[in-house]
Amino acid sequence: MPNAQQFHVAEASPSYWKVTFSNGPINLMDVDTIEQLGALVDRIEQAPDLTVVVFDSDNPDFFIAHFDFLADKSRIAAMKPGPTGLHPYADNFIRLGKVPAVTISAIKGRARGAGSEFVLATDIRFAGHRAILGQFEVGVGAVPGGNATGHLARLVGRDRAMEILLGADDFPAELAAEYGYVNRVLPEGELDDFVDAFARRIAGFDKVAVAGTKALIDESARIPDEEFGSALSAYFQTVGRPVNEHRVRRLFEGGLQKPDGIELDLGKQVAESNRN
């Protein structure tokens, strides 16, 4: 049986695509997501006229909640390296960040862990006022694996990156914008129209000029591929250690990976799960 399609592409024009993510009640990222995202990046790279891509979610409460804690670890370990030579999880984010098209995340709801790392891999992040971002991995005994460390240190500065990553707490949209985690916050009812108008504006410009300008910006703020490899290696070395099993177990007992309960307030609940 083929895996359900998670990324739904609407080609508004040859120069503007909108991609909507959909995977279960809280939009978890899983092994199928990794495979399908790689195929989507291939498609974006090969589209000759594509100038801008907007990513959004079909769930107003969850953009991408986080990686699936119940994902098949043996299947993850067996995945073949991508074109960069790195594991596909890291490879996808590197390649997504380097596509000539401008990539925009329109964030409604929660984008934590892998969801946060996904939006950090895109060029521009606009958020609805109810959006929540965060990197909670340290709270469950792991190092973030998608190079949130490198992205956030460059975006918000070393001290605020420390606060976000080591505090493992939720960051409401307004605070995320104040820190530079996202570009700006808009009222929920205005986000879609604003992002669409902004994307269509870019899509109407000359692709060579857009791609050339993006390349020069990236040249001045380049993140080496090796950082992604180091981050993912650190994640694999730290995630799932027996010493931390009780932390994750407490979260599942409280409703982890269900659409209500602790997923709505995960930053607080991660801290509660670490109390004796």
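Note that the coordinates shown come from a computational prediction; the quantities given were computed from them, not determined experimentally. Numbers for residues simply follow the sequence, beginning at 1. All heavy atoms count here, side chains included; hydrogens, waters and symmetry mates do not.
Salt bridge annotation for Arg130-Asp61: present, with a cationic side-chain nitrogen under 4.0 angstrom from a carboxylate oxygen. Of the charged side-chain nitrogens involved, none lies within less than 4.0 Å of a carboxylate oxygen, so that Lys214 and Glu219 do not count as a salt-bridged pair. Ion pair Asp225/Lys98 flagged as a salt bridge, since at least one NZ, NE, NH1 or NH2 atom sits closer than 4.0 Å to an Asp/Glu carboxylate oxygen. Using a cutoff of 4.0 Å between basic side-chain nitrogens and carboxylate oxygens, Lys18 and Asp56 are scored as salt-bridged.
Cluster membership check: Leu165 shares its hydrophobic cluster with Phe67, using side-chain heavy-atom separations under 4.5 Å among Ile, Leu, Val, Met, Phe, Trp and Tyr. There is a path of hydrophobic side-chain contacts, each under 4.5 Å, that joins Phe205 to Val54. Hydrophobic clustering of Ile, Leu, Val, Met, Phe, Trp and Tyr side chains at less than 4.5 Å, counting indirect connections, keeps Val270 apart from Val138. Two different hydrophobic clusters hold Val248 and Leu28 under the rule that ILVMFWY side chains link at heavy-atom gaps under 4.5 Å. Taken together through direct or relayed side-chain contacts under 4.5 Å among Ile, Leu, Val, Met, Phe, Trp and Tyr, Phe62 and Phe69 form parts of separate hydrophobic clusters.
Contact annotation: the side chain of Phe7 never approaches that of Asn23 to less than 4.5 Å [non-hydrogen atoms, C-beta and beyond]. Annotation: side chain of Ile202 is in contact with side chain of Val210 (closest heavy-atom distance under 4.5 Å). When side chains are defined from C-beta on, Ser116 counts as touching Tyr181, because their heavy atoms get closer than 4.5 Å. The shortest side-chain heavy-atom distance between Gln135 and Leu120 falls under the 4.5 Å cut-off. Between Leu256 and Leu266, some side-chain heavy-atom pair lies under the 4.5 Å cut-off. With contacts defined as side-chain heavy-atom distances shorter than 4.5 Å, the pair Ile44/Leu40 qualifies. Within the 4.5 Å cutoff, the side chain of Arg75 has heavy atoms near those of the Glu35 side chain. Residues Met79 and His87 are in side-chain contact: their nearest non-hydrogen atoms beyond the backbone lie under 4.5 Å apart.
Partners of Glu245 by salt bridge (Lys or Arg N to Asp or Glu O under 4.0 Å), not counting sequence neighbours: none found. Arg184 meets the salt bridge (Lys or Arg N to Asp or Glu O under 4.0 Å) test with no other residue; sequence neighbours excluded. Partners of Lys108 by salt bridge (Lys or Arg N to Asp or Glu O under 4.0 Å), not counting sequence neighbours, listed by chain and number: Asp192. For Asp42, the salt bridge (Lys or Arg N to Asp or Glu O under 4.0 Å) test picks out Arg95, with sequence neighbours left out. Remark: Ala90 engages Leu86, Phe228, Leu232 in a side chain to side chain contact (heavy atoms under 4.5 Å, CB included) (not counting sequence neighbours).
Counting only distance, with no hydrogens or angles, the side chain of Gln269 and the backbone of Ile262 share no donor-acceptor pair below 3.5 Å. Between the side chain of Arg125 and the backbone N or O of Val119, at least one donor-acceptor pair lies under 3.5 Å. Formation of a donor-acceptor pair under 3.5 Å by the Arg43 side chain with backbone atoms of Ala39 is not found in this model. Of the possible donor and acceptor atoms, one in the side chain of Thr238 sits under 3.5 Å from a partner among the backbone N and O of Val143. Ser233 contributes no side-chain N or O that, together with a main-chain N or O of Ser230, makes up a donor-acceptor pair within less than 3.5 Å. Thr103 places a side-chain N or O within 3.5 Å of a backbone atom of Asp123 that can act as its donor or acceptor partner. Counting only distance, with no hydrogens or angles, the side chain of Asp170 and the backbone of Ile132 share no donor-acceptor pair below 3.5 Å. A donor-acceptor pair is defined here as one N or O able to donate and one able to accept, closer than 3.5 Å; such a pair exists between the side chain of Ser220 and the backbone of Ile217.
The nearest pair of heavy atoms linking Asp32 to Asn3 is OD1-ND2, 3.0 Å. Among all heavy-atom pairs drawn from Val52 and Ala199, the shortest one is CG1-O, 3.4 Å. When all heavy atoms of Ala173 and Ala127 are compared, the pair lying nearest together is CB-CB, 4.3 Å. Taking both residues in full, the closest heavy atoms of Ala203 and Ser15 are given as O-OG, 3.3 Å, listed atom of the first, atom of the second, then distance. Between Leu133 and Ala176 the shortest heavy-atom distance is CD1-CB, 4.1 Å. Among all heavy-atom pairs drawn from Gln5 and His8, the shortest one is O-NE2, 3.2 Å.
In this structure, Phe198 has its ring center under 6.0 Å from that of Phe126. Ring to ring, Phe21 and Phe63 are not that close: their centroids are 6.0 angstrom or more apart.
Screening residues 94-119 for ring pair (Phe, Tyr, Trp, His ring centres under 6.0 Å), with sequence neighbours left out, gives Phe55-Phe118.
A cation-pi arrangement, defined by a distance under 6.0 Å to the six-membered ring centre and an angle within 45 degrees of its axis, is absent between Arg112 and Phe136.
Taken from CD1 in Ile124 to CG in Asn183, the straight-line distance is 6.0 Å, to the nearest 0.5 Å. Interatomic distance, CD of Glu117 versus CG of Leu96, reported as 12.5 Å (0.5 Å rounding). In this structure, the separation between CG on Leu251 and CD on Gln257 is 10.0 Å, given to the nearest 0.5 Å. Note that CD1 of Ile64 and CG of Asn27 are 7.0 Å apart. Values are rounded to the nearest 0.5 Å. Expressed to the nearest 0.5 Å, how far CD1 of Ile164 lies from OG1 of Thr149 amounts to 12.0 Å. We find the CD-CH2 distance between Glu11 and Trp17 to be 5.0 Å, quoted to the nearest 0.5 Å.
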### Query
Would His66 and Glu137 satisfy side chain to side chain donor-acceptor pair (under 3.5 Å), going step by step from the backbone distance to the final call?
CA-CA 10 Å; His66 48 74; Glu137 291 91 336; over 6 Å; no
### Task
I would like to know whether Met29 and Tyr89 meet side-chain contact (heavy atoms from CB on, under 4.5 Å); could you show each step before the answer?
CA-CA 11 Å; Met29 184 179 288; Tyr89 185 81; 3.6 Å; yes
### Task
Please step through side-chain contact (heavy atoms from CB on, under 4.5 Å) for the pair Val53 and Ile104, ending with a clear verdict.
CA-CA 6 Å; Val53 181; Ile104 302 170; over 6 Å; no
### Task
Quick one: do Glu163 and Arg158 satisfy salt bridge (Lys or Arg N to Asp or Glu O under 4.0 Å)? Show the steps, please.
CA-CA 9 Å; Glu163 179 186 351; Arg158 180 180 182 274; over 6 Å; no
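Using modelled atom types and a 3.5 Å distance limit, the side chains of Asp58 and Thr20 yield no donor-acceptor pair. Using modelled atom types and a 3.5 Å distance limit, the side chains of Asn59 and Ser57 yield no donor-acceptor pair.
Of the listed residues (Asp196, Val102, Asp49), just one forms a side-chain contact (heavy atoms from CB on, under 4.5 Å) with Tyr16, and that residue is Asp196. Just one of Val185, Leu191, Leu186 meets the side-chain contact (heavy atoms from CB on, under 4.5 Å) condition when paired with His129; it is Val185.
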